[in-house]
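Just so it is clear, the values below take in all heavy atoms, side chains as well, and ignore hydrogens, waters and symmetry mates. Source: prediction; values computed, not measured. All chains are named by letter (A, B, ...) in the order of the sequence lines, taking the proteins before the strands, and each is independently numbered beginning at 1.
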Amino acid sequence: MSRNVPEKPSLDGLESKWIARWEAGGTYRFDRSVARDGVYAIDTPPPTVSGSLHIGHVFSYTHTDTIARFQRMRGREVFYPMGWDDNGLPTERRVQNYFGVRCDPSLSYDPGFQPPPEPPRQPVSVSRPNFVELCHRLTADDEKAFEDLWRHLGLSVDWTMTYATIDEGSQRASQRGFLRLLARGLAYSSEAPTLWDVDFQTAVAQAELDDREQPGAYVRVRFGGPDGQPVEIDTTRPELLPACVALVTHPDDPRYRHLVGSTVTTPLFGEPVPVKAHELADPEKGTGIAMICTFGDVTDVVWWRELGLPVRSVIERDGRIRDAAPVSFRGGNGQDHWQELRGKTVKQARERITELLRQSGDLVGEPRPITHAVKYYEKGNRPLEIVTSRQWFIRTLEHTDDFLRRGEELAWHPPYMRARYESWVQGLNSDWLISRQRFFGVPFPLWYPVAEEGSVDYDHPLVPDESRLPVDPSTDVPDGYDPEARDRPGGFTGDPDVMDTWATSSLTPQIAGRWGDDPDLFGRVFPMDLRPQAHEIIRTWLFSTVVRSHFEHDRLPWGHAAISGWVVDPDRKKMSKSKGNVVTPMGLLEQYGTDAVRYWAASGRPGVDTVLDEGQMRVGRRLAIKVLNASRFVLSLGSDGGAADGGQVTAALDRAVLGRLADLVDTATTAFEGYDYARALEHTEALFWSFCNDYLELVKGRAYGGQGEEAAASANRALTLALSSLLRLFAPFLPFVTEEVWSGWQEGSVHRAPWPDADERRAAAAGPADALVLEVAAAVLGEIRKAKTAARTSMRADVARVVVRDRADRLVALTSAVADVREAGRVADLATEEADTFS
RNA sequence: GGGCCGUUGGCGCAGUUGGUAGCGCACUUGCAUGACGCGCAAGGGGUCGGGGGUUCGAGUCCCUCACGGCCCACCA
């Protein structure tokens, strides 16, 4: 066996060298001839390509890659595709800012359109097809940047399996999945109050809400009571007074019981509204009696629905007070007051109406500033409003018990992450809203009949055959209709909405496995083995994927979920954008080397937030260099001691080191099987350092031939076996340096080599391994070193005589390695004395 | 309001059936040895957040409190 040992070991250039060779050699190519039970399939998180590249990506994707590499070496054929999440609002927003354009769906396509060279102050209006073109153009660049990073990070993905959430396969899967839910009555459309973002002009789902603390003010308002006595209520939304449809109090509240069933009148508008009782009214809040408006918050929606109240909406989809009053107000000045509010933003209207109340004398005291939580769209920057609109939903609410059961079936790593899933499922309060009034997304594959009198029949959608998918209802025509019939009485109209990005990414296992398009592949990879992801999207991505797989396949989409933590800055805050821009992932990879950065990432325990620590990267770099140097030393000893022809390890010390290695293999294997890559690394690293500092030093002289040929052969054979095992144990973490060493010595890639087998290590020894031999020999050598340090002499200094006092069993162990200890310590004479304690 | 996680030397962490506290960084001192000065060797430094309990014995189990972080909740 040839041994190419680099003369001047260096980590520089390893990345580009091996990235190219792995690609050329198809090292990570998925072999689709393997049956399902031989496959290990990973449902890779498709990164949002319009977002920033940050160190958090490097962190969590490294974790998954270590698992992928371990499983590959264990003999599983690893299905490890990459996906790009380019669908949806983040891309639209980035395109708007980057090119300075705005989508206007009423415009028609301009084939010659070019975006302005610099984004103008006033955005240019473009048609929807032009806008979508720009989205594709920009995401192509973004995807290239991500791919460069992933390749540089050494992710062992099969790049021939890459998908994008807006590509044709994803559109087909999304539409097919939707149509099947529709056919089974699990998807439905409904006109109902929905959370609405006034800036993005789209409906928003429960899973995308953020609570944000912000300043507000309680305004105490006087309503006209039935007996002439005023009724005072507190509100933070006085601008919704014209939308008030009732007052509500708790049924058991003695203060207001006499009012329930009576009618009061609103200030300024003089509108009569009933007083109702409901359990959700909190006697502790405000005055204990509240106004119900359509709609100020989700509690209003509950009250409105359960108490059977009318709708008086006042806020338009753009967040302004509508032009026409919701009713003709009966109070004398009602219409005049409305004129003061119409067209104003919510904020302007709030200020104005407070002033009007003050003037009319219906304001009690002054507004009292408070800080309260307000619901926002997680990507938005104005509070959500609630508007009534037609939307598509998936029936999740009545199946929560099924989803909880699926959560129990799933193996969570770490296990406590299951609690987040359960609390989310238990807290569900509405069905899953999947439609968005946006442009860059998968269209709903539906049209609706238009009646002769012009009304749209939403209850009987026109559905395409699955073989037609994907369809775009804005250009494609339903079967049996003429294109001329579009938007005409007696004709049809296309559904204008697109699916939310989660409606597509909830199908990533199906998309990656080419469900419906390639049944052979799908059968080999589904259900998958692993879903790796971050904890903040358990309620979105993880939950929704479980939902879709449960409905479509009646099973979990994968057996394991590995939840990674975040990268945090030294102040324990999630890495900020500004920080992320200073420390770029590619910069770190270039500065410390990929293996070093991976070492830092792999040191972060599963699920645990981890500090960005360049110190750990330096340690990783040193480890990689140490691997290179130790390997160089072992291989430069020349002979492999007959490893190739079955020679045996005879020296007790050598057998001991193989025993330690066998134990390590057991520990690392168990850790990896439990998805604890960090534990596997920690133990491998610890043994490696003691291997270098103790065992290597102890056998160095013997390996050079200081005790004869046979003794040298045993040492060399043990060193070779140990190195082979250690390189393979490190390979999932340090893929570049291990491959560099392996390639100069072994056939094929270390990443396709079999994972070390503990029994194989044990069998190589000619006799039983006595761990005590190595332990005592290292301890005695340590004492000799201590004495030399105390004497301030070189480690190379000769020692005339050493006396070891220790327990009898330990002295016996020492005997079999005494020649190595003497040679390593340069001891002329070594004597032993039995004693109770070591000294 | 409910829940989850964390609190171990200056910093970052390990400690998986309870048995007299470990690792790395940093720090101190020494060493040019035939793999490595991006090295090697030695060393100083902690009453394991507070309190209570179980036990012969608790960082490790139970209760409780505090602090930090996160998740969830119909927060007028």
Side-chain angles (χ1 to χ4, degrees), chain A residues 5 9-11 211 213 216 218-219 233-237 240 247-248 278-282 285-293 296-303 370-375 414 416-429 535-536 538-539 565-566 568 570 572-574 592 596 603-605 607-611 613-616 618-619 621-637 670-671 674 676 678-679 682-683 685-686 689 692-693 696-697 700-701 704 781-782 784-797 824 826:
Chain A
V5 183
S10 166
L11 299 179
D211 281 353
E213 287 290 331
Y218 265 135
V219 177
I233 62 105
D234 272 333
T235 179
T236 56
R237 304 282 316 258
L240 294 180
L247 296 190
V248 66
H278 195 280
E279 300 284 342
L280 282 182
D282 184 353
K285 279 197 184 108
T287 61
I289 184 164
M291 72 171 180
I292 303 173
C293 305
D297 62 27
V298 288
T299 316
D300 278 343
V301 178
V302 174
W303 280 327
I370 54 159
T371 303
H372 62 155
V374 178
K375 290 201 187 307
Y416 57 76
M417 288 294 178
R418 175 183 284 120
R420 303 205 175 185
Y421 174 88
E422 287 176 347
S423 70
W424 168 252
V425 175
Q426 283 160 352
L428 283 175
N429 59 26
H535 51 66
E536 79 271 21
I538 289 174
R539 68 175 178 175
W566 282 336
V568 294
R572 301 244 126 241
K573 299 278 187 264
K574 192 179 176 183
Y592 297 102
S603 305
R605 320 305 277 198
V608 177
D609 293 350
T610 300
V611 175
D613 185 353
E614 295 191 41
Q616 278 298 101
R618 276 183 220 106
V619 173
R621 184 174 175 81
R622 282 212 303 251
L623 174 63
I625 291 169
K626 191 76 175 177
V627 167
L628 209 51
N629 282 310
S631 302
R632 190 164 70 116
F633 173 61
V634 169
L635 297 178
S636 70
L637 290 168
T670 304
D676 194 348
R679 184 175 163 81
E682 184 190 6
H683 285 259
E685 187 192 7
W689 284 107
C692 289
N693 297 335
L696 226 45
E697 292 300 327
K700 193 183 269 185
Y704 276 125
L781 181 61
I784 294 167
R785 285 166 172 165
K786 191 185 286 189
K788 289 183 181 180
T789 298
R792 307 199 155 201
T793 65
S794 160
M795 288 298 129
R796 204 182 181 184
R826 294 175 182 263

Which residue lies more 5' along RNA chain B, comparing R785(A) with A290(A) via nearest heavy atoms: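 Comparing both residues, the 5'-ward one is R785(A).
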D282(A) or R796(A), whichever maps to the more 5' nucleotide of RNA chain B: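 The residue mapped nearer the 5' terminus is R796(A).
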What is the separation between atom [atom1] on [X] and atom [atom2] on [N], rounded to the nearest whole Å?
X	N	atom1	atom2	answer
L696(A)	A41(B)	CG	P	11 Å
H683(A)	G15(B)	NE2	C1'	9 Å
K285(A)	A73(B)	NZ	C1'	11 Å
L280(A)	C74(B)	CG	P	10 Å
L628(A)	C36(B)	CG	P	12 Å
E536(A)	C71(B)	CD	P	8 Å
D300(A)	C75(B)	CG	P	11 Å
W689(A)	C36(B)	CH2	P	14 Å

C1'-based separation of A66(B) from G10(B) [nearest Å]: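 The answer is 23 Å between these two C1' atoms.
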Sugar-phosphate only, base, or nothing, as touched by C692(A) at under 4.0 Å among non-hydrogen atoms: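 Base: the residue C692(A), judged by heavy atoms under 4.0 Å, touches a nucleobase.
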Can you list everything that forms a side chain to side chain donor-acceptor pair (under 3.5 Å) with [X]? Sequence neighbours excluded, please.
X	result
D211(A)	K375(A)
R605(A)	E682(A)
R785(A)	D694(A)
E614(A)	Y592(A)

Close N/O contacts between protein and nucleotides 21-30 of chain B (under 3.5 Å):
| residue | atom | partner | partner atom | Å |
| --- | --- | --- | --- | --- |
| C25(B) | OP1 | R622(A) | NH2 | 2.7 |
| U29(B) | O2' | R792(A) | NH2 | 3.2 |

Secondary-structure stems, RNA chain B, at least 3 Watson-Crick or G-U base pairs under 3.5 Å: B:1-7 with B:66-72, B:10-13 with B:22-25, B:27-31 with B:39-43, B:49-53 with B:61-65
Set of residues satisfying ring pair (Phe, Tyr, Trp, His ring centres under 6.0 Å) with respect to H683(A), sequence neighbours excluded: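 Partners of H683(A) under the ring pair (Phe, Tyr, Trp, His ring centres under 6.0 Å) test: none.
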Under 3.5 Å donor-acceptor pair, D297(A) side-chain atoms to C74(B) base atoms: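 Checked by distance alone, the answer is no.
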Heavy-atom donor-acceptor pair, E697(A) side-chain to A41(B) base, under 3.5 Å: no
Report the residues that fulfil salt bridge (charged side-chain N to carboxylate O under 4.0 Å, His left out) with [X], sequence neighbours left out, ordered by chain and then residue number.
X	answer
E697(A)	K700(A)
K788(A)	none
D234(A)	R220(A), R368(A)

Find every protein N or O atom lying less than 3.5 Å from an N or O atom of nucleotides 1-5 of chain B, and list the pairs.
none

Set of side chain to side chain contact (heavy atoms under 4.5 Å, CB included) partners for D282(A), sequence neighbours left out: E284(A), K285(A)
Minimum heavy-atom distance D300(A)-I292(A), with the two atoms named: OD1-CA, 3.7 Å
